[in-house]
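Notes follow the structure.
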Amino acid sequence: YNCQVLEALHGGELFYHIVRHGPFSKETARGFLLQMISGVACIHEAGYIHRDLKPWNIILSDDHSQVKIIDFGLATPLDKDLRHHPFNTFMSGTKQYMSPENIVRPQGEEVFDLNEADLSKVDTFALGVMLINMLTGSYLFESCLSEEYVKLTQDSNYMLEVLRNKINKSENRMSESELSDLVVLVQAMIHPDASFRLSISDLNDQSVDQANWLKKSLYRINSETEIG
């Protein structure tokens with residue numbers, strides 16, 4: 001017989017806590033994101049992309065201080081030669097968290113084939129959207145095919161205004177310098193062109209200027225009591 005032992009988690013989905021609690025403090029959002037980046041880095045090191053990261057697939061520990069990544073049903077090999085699913089006809093995922101290269105769609109006479117697509121940064125895109133969820137309690141755009149997404153990714157001043165209005169109307173206010181660093185980070189995480197998007201290793205690299213907002217974390221596991 002084969003036996004598999006799994007960790008029992010009773011802390012609930014991240015989605016539940018965002019809906020129940022509303023926007024998180026910048027320290028909790030930053031701390032959770034850093035944990036997710038670390039987890040995704042392990043997945044990528046094993047040769048896979050999660051490809052379905054979203055708040056429903058993040059579970060909190062019993063004390064609500066740690067996050068755990070679940071549901072690997074859509075996990076995809078980084079190596080294109082190891083992909084055996086009909087990616088060119090099967091579009092899967094949740095649209096708000098799907099990057100442009102992760103969506104099969106016609107563009108003129110060309111059809112994107114996910115068997116050949118570089119999917120190495122689709123998880124970065126999803127993490128960027130989840131950061132927005134945690135800080136604002138909502139979404140900034142319906143999908144990467146929307147006009148609002150295009151405007152947010154092309155116009156830094158517009159994104160700054162939108163984030164300022166959403167974040168500073170809550171109790172979790174940020175300084176203008178923090179907001180500016182956040183705009184740089186979010187735009188680099190959800191960039192429509194994967195070649196300009198930050199990778200998971202970039203997010204872990206202390207020398208990458210676009211990730212400055214992440215370097216200011218004061219979060220300590222088991223010390224936060226914001227989420228009850």
Side-chain angles (χ1 to χ4, degrees), residues 4-24 28-78 82-83 85 87 90-104 114 117 119-145 149 185-186 189-190 194 197-201 203-204 214 219 221 224 226-228:
Q4 188 174 40
V5 179
L6 301 176
E7 181 179 7
L9 298 169
H10 306 103
E13 297 173 350
L14 179 62
F15 175 78
Y16 166 80
H17 290 284
I18 292 173
V19 172
R20 175 175 177 267
H21 183 276
F24 296 168
T28 295
R30 191 154 34 203
F32 281 2
L33 179 63
L34 286 168
Q35 291 181 53
M36 286 186 261
I37 291 169
S38 178
V40 173
C42 290
I43 297 170
H44 286 199
E45 287 170 8
Y48 287 86
I49 319 146
H50 187 282
R51 200 165 163 253
D52 195 24
L53 291 171
K54 55 189 176 184
W56 295 269
N57 288 340
I58 305 295
I59 301 292
L60 271 62
S61 59
D62 292 0
D63 65 358
H64 301 149
S65 68
Q66 300 179 58
V67 296
K68 310 284 184 172
I69 301 171
I70 66 167
D71 193 348
F72 291 83
L74 296 181
T76 302
L78 277 164
L82 298 178
R83 299 176 190 170
H85 297 291
F87 288 112
F90 179 59
M91 184 173 72
S92 55
T94 303
K95 62 180 181 179
Q96 290 90 346
Y97 302 90
M98 295 175 71
S99 60
E101 71 275 16
N102 196 26
I103 294 180
V104 179
L114 293 184
L119 301 178
S120 62
K121 297 180 182 177
V122 300
D123 289 339
T124 298
F125 185 99
L127 290 175
V129 178
M130 281 198 284
L131 175 58
I132 293 169
N133 295 158
M134 290 189 289
L135 289 171
T136 69
S138 62
Y139 297 99
L140 296 189
F141 52 86
E142 185 65 20
S143 81
C144 66
L145 303 181
Y149 167 75
L185 173 64
V186 171
M189 292 181 74
I190 65 171
R197 196 180 308 146
L198 293 180
S199 65
I200 295 300
S201 59
L203 293 171
N204 272 322
L214 287 174
Y219 183 86
I221 291 176
E224 292 286 314
E226 175 188 359
I227 302 173

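One is the number of the first residue; the rest follow in order along the sequence.
Pairing each heavy atom of Cys144 with each of Phe125, the nearest pair is CB-CZ, 4.0 Å. Contact between Asp123 and Arg51 at its shortest, heavy atoms only, is OD1-N, 2.9 Å. The two atoms that bring Phe24 and Ala29 nearest to each other are CB-N, 4.2 Å, heavy atoms only. Considering every non-hydrogen atom in both Ala194 and Glu101, the closest pair reads CB-OE2, 3.7 Å. Val67 approaches Gln35 most closely through the heavy-atom pair N-OE1, 3.0 Å. Heavy-atom minimum distance, Val122 versus Ser99: CG1-OG, 3.3 Å.
Within 6.0 Å of OH on Tyr16 lie no more than 12 heavy atoms contributed by other residues, nucleotides or ligands.
Separation of atoms CD1 (Ile18) and CH2 (Trp56) is listed at 8.5 Å; rounding is to 0.5 Å. Considering CG of Leu14 and CD1 of Ile70, their distance stands at 11.0 Å, rounded to 0.5 Å. Here the CD atom belonging to Gln66 is positioned 9.5 Å from the CG atom belonging to Leu60, to the nearest 0.5 angstrom. Separating the CG atom in Leu185 from the CG atom in Leu33 is a distance of 7.0 Å, to the nearest 0.5 Å. Distance check, rounded to the nearest 0.5 Å: CG of Asn204 to OG of Ser199 gives 9.0 Å. The line from CG of Leu198 to NZ of Lys121 is 7.5 Å long, rounded to the nearest 0.5 Å.
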Under 3.5 Å donor-acceptor pairs involving side-chain atoms of residues 127-136, not counting sequence neighbours:
| residue | atom | partner | partner atom | Å |
| --- | --- | --- | --- | --- |
| Asn133 | OD1 | Tyr97 | OH | 2.6 |
| Asn133 | ND2 | Val129 | O | 3.4 |
| Asn133 | ND2 | Ser138 | O | 3.0 |
| Thr136 | OG1 | Ile132 | O | 2.7 |
| Thr136 | OG1 | Ser138 | N | 3.1 |
| Thr136 | OG1 | Ser138 | O | 3.1 |
| Thr136 | OG1 | Ser138 | OG | 3.4 |

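For the side-chain contact (heavy atoms from CB on, under 4.5 Å) test, residues two or more places apart in sequence or in another chain that qualify with Ser120 are Leu78, Asp118. For the ring-ring contact (aromatic ring centres under 6.0 Å, His included) test, residues two or more places apart in sequence or in another chain that qualify with Phe141 are Tyr149. Residues meeting the salt bridge (Lys or Arg N to Asp or Glu O under 4.0 Å) test with Asp52, sequence neighbours left out: Lys54. In this structure, the ring-ring contact (aromatic ring centres under 6.0 Å, His included) partners of Phe72, at least two apart in sequence or on a different chain, are His50.
A distance-only check finds no donor-acceptor pair linking the side chain of Lys95 to the backbone of Ser143 [under 3.5 Å]. Between the side chain of Glu7 and the backbone N or O of Ser61, no donor-acceptor pair lies under 3.5 Å.
Between Ile59 and Glu13, the closest side-chain pair of non-hydrogen atoms falls below 4.5 Å. Within the 4.5 Å cutoff, the side chain of Pro100 has heavy atoms near those of the Arg197 side chain. By the 4.5 Å heavy-atom criterion applied to side chains, Leu214 and Ile37 are counted as neighbours. Residues Ile69 and Asn57 are not in side-chain contact: their nearest non-hydrogen atoms beyond the backbone lie 4.5 Å or more apart.
Evaluation of the salt bridge (Lys or Arg N to Asp or Glu O under 4.0 Å) test over residues 34-46, restricted to residues two or more places apart or in two chains, returns none.
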